[in-house]
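Side-chain atoms are counted along with the backbone in the values below, which use heavy atoms only and exclude waters and symmetry mates.
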Amino acid sequence: MPVQKEHKEFHSVDMDGEGWHSPPGYPLEIEQKILAGSLDENHMTGSRTRLLRFKPGAYTTVPFVHDYWEEVYLISGDLVVGGADDTRHASSFSSNTYACRPPGVYHGPFRSETGCLLLEFHYYPNPSAL
């Protein structure tokens, strides 16, 4: 099944106004804005492109795992991965870094000291490719 998203030409993205909300299960200091598509995790279909932003000091407490592909590009700010209970096992990243994760990979927890902005792509694998 090919990726299905709506056609959108260049347009301004409101970085301060409407459309930002905390994803289910995330702290209020972490917000997303869906740019295109939708992901149906119950039926394991779809794809989405989103911005995810951490306010300064925002953090998650447990690792994440999901059944879709995820690509993440850190646009600005800092992101610390891991080390929720032990900072010796944490890795810090700054802008212009990238991650690509297949389904089933545990990742996180995450935190940001100064705040950060991420561009994320989520999509389910093509069933015929499995």
| Intermediate values then yes/no, side-chain contact (heavy atoms from CB on, under 4.5 Å), Asp40 and Tyr124 | CA-CA 9 Å; Asp40 184 341; Tyr124 281 96; over 6 Å; no
| query | When rounded to the nearest 0.5 angstrom, what is the spacing between CD in Gln32 and CG in Leu118? | reply | 12.0 Å
| query | Say you draw a straight line from CZ of Phe54 to CD1 of Ile30; how long is it, rounded to the nearest 0.5 Å? | reply | 3.5 Å
| field | Least distance between heavy atoms, Ser95 atom then Ser76 atom | value | CB-CA, 3.8 Å
| query | Above 12 or not: heavy atoms from other molecules or residues under 6.0 Å from NE2 of His11? | reply | yes
| task | Can you sort out the partners of Tyr26 under ring pair (Phe, Tyr, Trp, His ring centres under 6.0 Å), two or more places apart, ordered by chain and number? | result | Phe64
| request: Without swapping roles, check the side chain of Asp78 against the backbone of Glu113 for a donor-acceptor pair under 3.5 Å. | output: yes
| Are the side chain of Ser22 and the backbone of Leu28 linked by a donor-acceptor contact shorter than 3.5 Å? | yes
| Where do Cys100 and Trp69 land on the side-chain contact (heavy atoms from CB on, under 4.5 Å) test, with the steps shown first? | CA-CA 8 Å; Cys100 182; Trp69 279 88; 3.9 Å; yes
| Can you name the nearest heavy-atom pair linking Ala99 to Arg101, along with the distance? | CB-NH2, 4.1 Å
| task | Without swapping roles, check the side chain of Trp20 against the backbone of Asp14 for a donor-acceptor pair under 3.5 Å. | result | yes
| message | To check you understand the geometry: which heavy-atom pair defines the closest contact between Ala90 and Gly82, and what is its length? | response | CB-O, 3.6 Å
| query | With distance as the sole test, does Ser112 use its side chain to make a donor-acceptor pair with the main-chain N or O of Ala58 at under 3.5 Å? | reply | no
| request: With side-chain contact (heavy atoms from CB on, under 4.5 Å) as the test, would you mind laying out the steps for Leu119 and Leu51 before giving the verdict? | output: CA-CA 5 Å; Leu119 175 63; Leu51 292 172; 4.0 Å; yes
| Do side-chain atoms of Glu6 reach the backbone of Gly37 as a donor and acceptor pair under 3.5 angstrom? | yes
| said: Pairing donors with acceptors under 3.5 angstrom, does anything connect the side chains of Glu71 and Tyr123? | reply: yes
| task | Please work out which of the three classes, parallel, tilted or perpendicular, describes the rings of His122 and His66, given edges at 30° and 60°. | result | tilted
| message | Looking at every heavy atom in both Arg48 and Lys5, which two are closest together, and how far apart are they? | response | C-NZ, 3.9 Å
| query | Are more than 12 heavy atoms from other residues, nucleotides or ligands located less than 6.0 Å from atom OH of Tyr98? | reply | yes
| Quick check: does any side chain N or O of Ser92 sit under 3.5 Å from a backbone N or O of Val80, one acting as donor and the other as acceptor? | no
| said: Between Leu79 and Tyr73, is there shared hydrophobic-cluster membership here, with clusters defined by ILVMFWY side-chain heavy atoms closer than 4.5 Å? | reply: no
| request: Please answer: with hydrophobic residues joined when any side-chain heavy atoms are less than 4.5 Å apart, are Leu117 and Leu52 in the same cluster? | output: no
| field | From Glu120 atom CD to Ile75 atom CD1, the distance as rounded to the nearest 0.5 Å | value | 10.0 Å
| Pro23 to Arg50 - nearest heavy-atom pair and separation | CG-NH1, 3.9 Å
| message | Tell me the closest heavy-atom pair linking Lys8 and Leu35, and the distance in Å. | response | NZ-O, 2.8 Å
| query | Would you call Glu31 and Lys33 a salt bridge, taking side-chain N to carboxylate O under 4.0 Å as the test? | reply | no
